[in-house]
Amino acid sequence: MQLQGVIFDYGGVLCGHPTEAELDAFANLGGFPTAPFLESYWRSRWDFDRGDLNSETYWNGVARNLGGEFSAASRQLLDSADVQLWMTIDQAMLDWNAALRKTGIRTAILSNMPYTVADHLKNIRFFDAFDFVTLSCEVHFAKPETEIYRHCLAGLCSAPEATLFLDDRLINIEAAQQLGIYGYEFVTRDQFKSSGVLERYALPTLPA
C-alpha cells in the first residue's frame, strides 16, 4: 500500500538525546549528583509530559524526591536548561520530512513533550514544517495510550495501515502496531537508512 502519512517522534528521532556531559552539567545546576537527580527527573516526567503537572509542581516533586527544594529562580533555570537539552535537531531528518511532503505524503509529529519544550518549539516555528502536530501536554494523553495515536491519525487524515510511525521506544511502537500502524523502532538515522523501509514504500532517499 502507498503511504498517506509519516509520523515522527520528536526526542530520539527528530532530536538527538542529551549527551552524558550535558546531563552531568544539568544535574549540577540542580545541586545534586547526576544519577539520583536523573532518576528523580524521570520519575514523574510522564505526568509532566502529559500536562498533569505544571512546571512548579514537577520541579518541586523532583526536589522532594531528593530530600531538598528548589527556589523559584532555580526552577526557572532548570526549565531553561531542560528545554535546551532537547534542541539538538537532526537537520537531515527535517530535510527528509520536506522531501516526503513534496511527494504528497502528509507528515506529523507525535511526541510526549512538556509545555515548556513545546512553547519554545512554537516560538521558533519548528512545527510549521509539518502538516499536523500532536503533543501530550496539549491533549492530556501520552504514548503509549491509544487515544494519542488516534488523535494524530485523525489530524493527519491518514489511515493506520497507510501510516509509518518512527519512534525510539519499543513500547510506543507496539502500541501503534495494535492500531494497525506500521511502527518502526528508530535507533539511528544510518540504521534506518539501511533497514529497507525506504525501499519498501518507495520513499525519498534520506540525506547523509
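Below, each value reflects all heavy atoms present in this structure, side chains not excepted, and no hydrogens, waters or symmetry copies.
Within the 4.5 Å cutoff, no side-chain heavy atoms of E185 are placed close to those of R169. Proximity of R45 to Y58: side-chain heavy atoms (C-beta onward) are separated by under 4.5 Å at one or more points. Residues F132 and H151 have side chains in contact (heavy-atom distance under 4.5 Å, counting atoms from C-beta outward). Between F186 and D9 the shortest side-chain heavy-atom distance does not fall below 4.5 Å. Within the 4.5 Å cutoff, the side chain of I105 has heavy atoms near those of the L203 side chain. A 4.5 Å side-chain heavy-atom check between T146 and Q178 finds every atom pair outside the cut-off. For the pair H17/W86, a side-chain contact is recorded, criterion being any heavy-atom separation below 4.5 Å from C-beta on. Looking at heavy atoms from C-beta onward, F141 lies out of side-chain contact with S136 at the 4.5 angstrom threshold.
Checked by atom type, the side-chain pair D47/S44 shows no donor-acceptor distance below 3.5 Å. For the residue pair D79/W59, the side-chain donor-acceptor check at 3.5 Å is satisfied.
Taking 4.0 Å as the cut-off between side-chain N and carboxylate O, K122 and E138 count as a salt-bridged pair.
For I124, the CD1 atom sits in a packed shell: over 12 heavy atoms of surrounding residues, nucleotides or ligands are nearer than 6.0 Å. For E22, the CD atom is densely surrounded, since the number of other residues' heavy atoms within 6.0 Å is greater than 12. At most 12 non-hydrogen atoms from other residues, nucleotides or ligands lie less than 6.0 angstrom from CZ of R150.
Taking the six-membered ring for Trp and the full ring otherwise, Y10 and F126 have centroids separated by under 6.0 Å. Residues F26 and F37 place their aromatic rings such that the two centres sit under 6.0 Å apart. In this structure, H120 has its ring center no closer than 6.0 Å to that of Y115. Ring pair Y184/F165: centre-to-centre distance not below 6.0 Å.
A cation-pi contact links R200 to Y182, judged by a cut-off of 6.0 Å to the six-membered ring centre and 45° from its axis.
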* **Evaluation steps, side chain to side chain contact (heavy atoms under 4.5 Å, CB included), between L164 and I7** => CA-CA 6 Å; L164 170 66; I7 300 174; over 6 Å; no

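Among N172, L110, L135, the single residue meeting the side-chain contact (heavy atoms from CB on, under 4.5 Å) criterion with I148 is L110. The only option from D167, D49, T134, N112 that meets the side-chain hydrogen bond (donor to acceptor under 3.5 Å, both in side chains) definition with K143 turns out to be D167.
Put simply, OG1 on T19 and CG on D24 are 8.0 Å apart, with the number rounded to the nearest 0.5 Å. Distance check: Y149 OH to T163 OG1 gives 13.0 Å after rounding to the nearest 0.5 Å.
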